[in-house]
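The sequence lines fix the lettering, A, B, ..., with proteins before strands; numbering per chain opens at 1. Side chains are part of it too, since the values below use all heavy atoms of this structure and drop only hydrogens, waters and symmetry mates.
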There are 2 protein chains.
Amino acid sequence: MASGRVPRLEDVARLAGVHPSTASRSLSQEQSGRIGAKTRERVLAAARELGYTPDLTAASLRTGRTMTIGVVIPDFSNPIWASLLAGLGETLQERDYTPVIIETKDDRRRFDRALEILTDRRVDGMINAAVRLTDKKRLTAFVARTPTVLAGRDLPGLDVPKVLVDDVRGGELAVSHLVQRGHRSIVQICGPGSVGPFKSRAEGAQAVVERSGDSVALHSHVVDQPTVDEADRVMSAALAAGPAFTSVFAHNDLMAIGALQAIRRAGMRCPDDVSVVGYNDNPLSQHLAPSLTTISLPFVQTGRTAADTLLSKLLHNDPPVVTTLQPSLIVRDSTAAAR
Amino acid sequence: MASGRVPRLEDVARLAGVHPSTASRSLSQEQSGRIGAKTRERVLAAARELGYTPDLTAASLRTGRTMTIGVVIPDFSNPIWASLLAGLGETLQERDYTPVIIETKDDRRRFDRALEILTDRRVDGMINAAVRLTDKKRLTAFVARTPTVLAGRDLPGLDVPKVLVDDVRGGELAVSHLVQRGHRSIVQICGPGSVGPFKSRAEGAQAVVERSGDSVALHSHVVDQPTVDEADRVMSAALAAGPAFTSVFAHNDLMAIGALQAIRRAGMRCPDDVSVVGYNDNPLSQHLAPSLTTISLPFVQTGRTAADTLLSKLLHNDPPVVTTLQPSLIVRDSTAAAR
DNA sequence: CTGTTAGCGCCTTCAG
DNA sequence: CTGAAGGCGCTAACAG
């Protein structure tokens, strides 16, 4: 019943009547130039007949390359990382690299474990989208051994290629949109400060306020987890304390949804009473009621560029480059002029 | 600068003053019983000092096991698969297996490519949550070589362990909920029939209607892609044709969102004018306005059980088992009594 | 309990 | 252009 042994190179060689090394060369992309066309054809035919496909893991022992790339992300359940994976997966697959994807849940132990697993598997490189500002030490050792690209989250002082988004600018876009619509009192719901992009968004927000010369008040709240429920809690408290504000900048769309929920529960309306700006432009955000004004980030391109950058390091040993992509404001129905 | 060579077993052995194979045994879980406590301690110390960690891919050549499990899912961007991945990832990691995750986008070529990649990598097993009813042929060959578990989607006639959800029951739950609330005209938005669970949901819906003895009308529309936009399109058309219906059963939450959107745009209200039931209980569905009545599926448990089932095959060669988990109805605000 | 030996499947020198 | 030989790092048999 079981289809018997998996064929090896030797089986192909025997069937084609050549030496295994000749078979190997015939099947490899690089070396196949040095092989007679007829021999090569015979070998390919034999391989096809047996259903032979080379054992990549065995080959890696000899070549020193596993053709795997570690990919570390915070969370499968956030669709923004799905876009990143789509971008980089496509690019890696074109070069026959397979991503080994691990999620950290922004948990320190899981992050460490991820690096261990990637080390044990001898991945040829890593794309890391889950670094926190507190991870420098443990990353440094890894990075010394394995080519690494940071994607989406920076770790200042780590000298590796990076593909980043200008989150300071993103924070500016969000808050200046509100200011331009006449809002003078803004509540900001910040994600954890250990995550670089959240820190940058807050900086951008602050910069706008400062440029406005004290005419705008920014009330910032930091949550431990950037979730719907946490934002709901913060927003409810803010509303209960007396809504001296007319707008909200949430550091991601999930938190914006939490804010919307709290606003609704308090019997107020968005955007009539309170305007809300999110961040990330999650796929569903445009389908909410009201549809969410938010900051869109080029995640697919981030993934693609991160993969390109890593491959250029791996294949041509190119020097580290930092690419910075730009966010953009998407105006929808959750923001209106201040009342 | 670069931390030099990656240490090998030989380096550890030399530092500990033992033979490499002794070092190997000391580091392995299984064999370490047959080693003197002191020797073992010396080896572990040496390994720690050098930062040694075994090359899993080299070891696999000898052991014949790669300690990798292929995981095939339709789509990273759908959070239900994230839950599946969470469940199975946890379980696999406990046994030192690493998942190699590939998405198919429910595209035939990508599905084939996924199987090729997993074959080349010599994964020890596969958990496949992306089979379509049309995939039997190409799966059969793979399954003969590699232990496989089907998760969430069945392929009748394929004799492998399966962890399924009773989607017929799910369809029944959804539609009988509507019937009990007095709805006698229901629009059903069906996902592609090549995907087993969609077919089953439609069967369940039909069964309820038949049991009602022709007192309920079910108008079914099949879409190519189970997306927000497709459902919006179908729903808009249905509304334009004259809303002789009072309720909608969408085969997943995304399509329910599309339906809600179309209803809103047509100037009608949910649940006042039209009730809507979704399927899957996406994380965001409870935060929509109105919050979505839907069918909840145990995805985390599906993942966990699939991993357990596969491991029991791998480790104890247990015979194929089919586990069927039950869906449950979550009543929220998108459904009300028929007007 | 530990050392010796061999070889997993493949690719890559080196010869011819 | 093809064959011969060696070895990547590790672990499993076999001795002792």
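Comparing dC8(D), dT4(C), dT13(C) by their nearest atom to the side chain of H19(B) picks out dT4(C). Each of dC10(C), dT2(C), dG9(D) was ranked by its minimum atom distance to the side chain of A58(B); first place goes to dG9(D). In this structure, the nucleotide among dA6(C), dG3(C), dT2(C) sitting nearest to the side chain of T39(B) is dT2(C). Listed nucleotides: dC10(D), dT11(D), dG3(D). Nearest to the side chain of Y52(B): dC10(D).
One atom, CZ of R25(B), and another, P of dA12(D), lie 10 Å apart when rounded to the nearest Å. In this structure, CZ of R14(A) is placed 12 Å from P of dG9(C), rounded to the nearest angstrom. Between the C1' atom of dC10(C) and the CE atom of M67(A) lies a distance of 15 Å, rounded to the nearest Å. If you measure from atom CZ of R8(B) to atom C1' of dC8(D), you get 9 Å, rounded to the nearest angstrom. Here the C1' atom of nucleotide dC1(D) and the CD atom of E41(A) are 17 Å apart, to the nearest Å. The distance between atom CG of L61(A) and atom P of dC10(C), rounded to the nearest whole Å, is 12 Å. Whole-Å rounding puts the D120(B) CG to dG9(C) P distance at 16 Å. D55(A) places its CG atom 19 Å from the P atom of dG7(C), with the value rounded to the nearest Å.
A donor-acceptor contact under 3.5 angstrom links the side chains of T119(A) and R145(A), judged on distance only.
Taking only side-chain nitrogens and oxygens, S21(A) never comes nearer than 4.0 Å to OP1 or OP2 of dC11(C). At least one side-chain nitrogen or oxygen of T22(A) sits closer than 4.0 Å to the OP1 or OP2 atom of dG3(D). Neither OP1 nor OP2 of dT11(D) sits under 4.0 Å from any side-chain N or O of T63(B).
A salt bridge links R14(B) and D11(B); the closest N-O separation between the charged side-chain nitrogens and carboxylate oxygens is under 4.0 Å. Using a cutoff of 4.0 Å between basic side-chain nitrogens and carboxylate oxygens, R113(B) and E103(B) are not scored as salt-bridged.
Note on L9(B): a base of the nucleic acid sits closer than 4.0 angstrom, heavy atoms only. No contact: P20(A) has no heavy atom under 4.0 Å from any strand.
Taking only distance into account, the side chain of R62(B) never meets the base of dG9(C) through a donor-acceptor pair shorter than 3.5 Å.
Taking the six-membered ring where tryptophan is involved, the planes of F299(A) and W81(A) are perpendicular, since the angle between them exceeds 60° and thus also 30°.
Heavy-atom minimum distance, D124(B) versus Y97(B): OD2-CE2, 3.6 Å.
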